[in-house]
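Notes for the one structure printed next.
Reckoned from all heavy atoms, side chains included, excluding hydrogens, waters and symmetry mates. Just so we're on the same page: letters track the sequence lines, and every chain starts at 1.
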Amino acid sequence: MGNSNDGVRGVMGRDGLDGLIVLLREAGYETIGPRARDGAVTYEAVESAADLPWGVAEEQAGGRYRLTEDASNAAFAHTVGPQSWKKYLYPPRQTLWTGERTGKGFTIESPAPEPKPYAFIGARACELAAVAIQDKVFGYAPHHGRAVGQQQFADSGYVRRRGAAFFVAVDCRRSADTCFCCSMGGGPAAESGFDLRLSELIGDGRHEFLIEVGSERGRAIFDRLGARPATTADVAAAKAQTQAAAAMQTKGMPQGAAALLADNLEHPQWAKVAERCLNCANCTMVCPTCFCSTVEDVTDLTGDKVERARRWDSCFTMDFSYIHGGGIRQSGQSRYRQWMTHKLSHWEEQFGTSGCTGCGRCVTWCPVGIDIREETAAIAAAPKNKQA
Amino acid sequence: MTAAKKPKLAVWKFSSCDGCQLSLLDCEDELLTVADTVEIAYFLEATRAEVKGPYDVSLVEGSIGTPHDAERIKQVRRQSKVLITIGACATAGGIQALRNFREYDGLVRAVYARPEYIKSLATSTAIADHVSVDFELRGCPINKYQLLELLNAFLNGRKPLIPPHSQCLDCKQAGTVCVMVAKGTPCLGPVTQAGCGNLCPSVNRGCYGCFGPKETPNAAALAKQMAALGWDDRQIKQAFRSFNANAPAFRNLADGVKAGE
């Protein structure tokens, strides 16, 4: 989003965050942000900065997530939780249309659109990267993959919600053990795809927010915030924080995963991982780019009213690959391989980008802690050529 | 749909607690529509009036636990165009299938003062082990919305929306935070079929597996993780030996765990 607003930055105190939320709500947005509930940070409606998870951080590992206390009492000390903005831009269940019998005919109605556009507060760099990937999948932005012809079938609901959404990005000041955005070509600092970008500056007795403009919409809000101009020292402090977060990422995705996996479709590692894999579909549910769905028809008892709905599905279910006679991918092994090779390899062919941003959710929220980095590394350590 | 052509519905009880057939009466708001759309021809829990068969659809609750049950289910099958089993007893043998893993005579002697009065089978088994079944509706008890969906699909001649996937899909889609990952609470959700509306995880409890094994469950991998979370063999065995103890995936897992009963 390079524009005349490049480099427009200010600094505000903690009350500025409240002001930001108030301004967004006055501008007609439904404000969504992180909240601590049920042992995790999830994305819910927030009405003021008081709703944010101040002083809440977390520890993450394969199959493990625990909230911890953050001594600096930061609003954004946490990294990514079990949910992503996908929950709002591409809801788990969407009514596509409803129909009703009327005498000899019937009527069809479209569902009402969301009453308000969303403002997402606290979007991380990996999450903005995920939105950029789904933009290509759902036809909001062009792509250069094999599925290029599918762009004429833009998902109208996604395009509407996405186009109206306001993004307030937040740079990460720390990485979880499951974070690997740097090895996926991103980083803990949001570089694009935001309307406003925050860096929470903590240290030497200060607790302030550096705020940067990324779009005209962002500028309109920024101008009313009353932030003091940022100094080069403020910008340097923010940069030092994201560099520290990047340095915390010690385990990355091996480079060249796309070609490696494509060449190792019969590798013995697939059988090994299938022994551990529950084929429960958690990885696909938490992934911010996984987009697969199924269509369901619902009738009422009289058969006079019908609804067609679209619901998240997963390549780990048997129904997902069902054609005449049964599901194509009978074994858990074939389903895990389908997911991982699509995500890291043939997604690139299809959409011209990897399907992974390195957020690490599939690692943390796998009940048995299967780590996509380790699975790739195991194949990289002993690659075999494609067998017939 | 004219009154004369209303499909005849029968509800049958075998070895069970009646909870599943009560789900039909529990439908409250929808009950009148159900009564309007089908002729309730045989449903002793609701009415003593009996309409003779054959029946268009039979809902069968309960397991086969006695020689009498084993004969009667054949008669029910003969009178039913469509036979749907409802609940963990009917689909897996129920909690009473725990006797399948014990020495039967000793159990009867331990429980009953006059064991000679007891004429039951050594095992409690699913209806599908005895006659052909058109659809199995899971749960202990069943979910009334799934029951309505099933009747609805039957009446409208379409496939019921009762997916055999894991509980986890429903938890994630409902926004329920995973109790296993975020709290370290062992949970049967990853191997259990969805359908209850994530009752337990949504109140911070692990899934008890009331809806039985999901499609292609990997119970061994889950048991390993339960052990990693601190459960001993006995706890793991007991988790799989409950309402759906005799469902093959759960039975095989528990059989393989060496622990005192």
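The structure places SG of A:Cys280 at 7.5 Å from NZ of B:Lys214, a figure rounded to the nearest 0.5 Å. Atoms CZ and CD, from A:Arg93 and B:Gln173 in turn, are 10.0 Å apart once rounded to the nearest 0.5 Å. Atom CG of A:Leu278 is separated from atom CG of B:Leu222 by 5.5 Å, given to the nearest 0.5 angstrom. To the nearest 0.5 Å, atom SG of residue B:Cys178 and atom CZ of residue A:Arg64 are 13.0 Å apart. Note that the CG atom of B:Leu169 and the OG1 atom of A:Thr284 stand 6.0 Å from one another [nearest 0.5 Å]. Put simply, OG1 on B:Thr176 and CG on A:Asp38 are 8.0 Å apart, with the number rounded to the nearest 0.5 Å.
With a 4.5 Å cut-off on non-hydrogen atoms, A:Gln330 touches chain B through its backbone but not through its side chain. Looking at A:Thr294, neither its backbone nor its side chain comes within 4.5 Å of chain B, counting heavy atoms on both sides. When heavy atoms are compared at a cutoff of 4.5 Å, A:Ala274 approaches chain B solely by way of its backbone atoms N, CA, C and O. With a 4.5 Å cut-off on non-hydrogen atoms, A:Arg37 touches chain B through its backbone and its side chain both. With a 4.5 angstrom heavy-atom cutoff, A:Glu275 touches chain B only via backbone atoms. In this structure, chain A has no heavy atom under 4.5 Å from any part of B:Lys224.
Among B:Asn152, B:Asn218, B:Leu161, B:Val34, the residue with the largest count of heavy-atom pairs under 4.5 Å with chain A is B:Asn152. Your options are B:Arg158, B:Met180, B:Glu149, and the one with the most heavy-atom pairs under 4.5 Å with chain A is B:Arg158. Among A:Leu67, A:Val298, A:Thr42, A:Asp297, the residue with the largest count of heavy-atom pairs under 4.5 Å with chain B is A:Asp297. Among A:Cys277, A:Ala40, A:Gly63, the residue with the largest count of heavy-atom pairs under 4.5 Å with chain B is A:Gly63. For the set B:Val38, B:Val177, B:Asn204, the count of heavy-atom pairs under 4.5 angstrom toward chain A peaks at B:Val177. Counting heavy-atom pairs under 4.5 Å between each of B:Gly175, B:Pro163, B:Pro217, B:Ala220 and chain A puts B:Gly175 at the top.
Other residues, nucleotides and ligands contribute only 12 or fewer heavy atoms inside 6.0 Å of the CD atom of A:Glu47. Heavy atoms from other residues, nucleotides or ligands lying under 6.0 Å from CG of A:Asp300 number more than 12.
Using a distance-only test at 3.5 Å, with no hydrogens or angles considered, a donor-acceptor pair links the side chain of B:Gln225 to the main chain of A:Pro367.
Considering all non-hydrogen atoms of both residues, B:Glu215 and A:Asp319 come closest at OE1-N, 4.3 Å. Nearest approach of B:Cys168 to A:Asn282, heavy atoms of both residues: SG-ND2, 3.2 Å.
Taking the ring axis of A:Phe316 as reference, the NZ or CZ atom of B:Lys172 does not stay both within 45° of it and closer than 6.0 Å to the ring centre.
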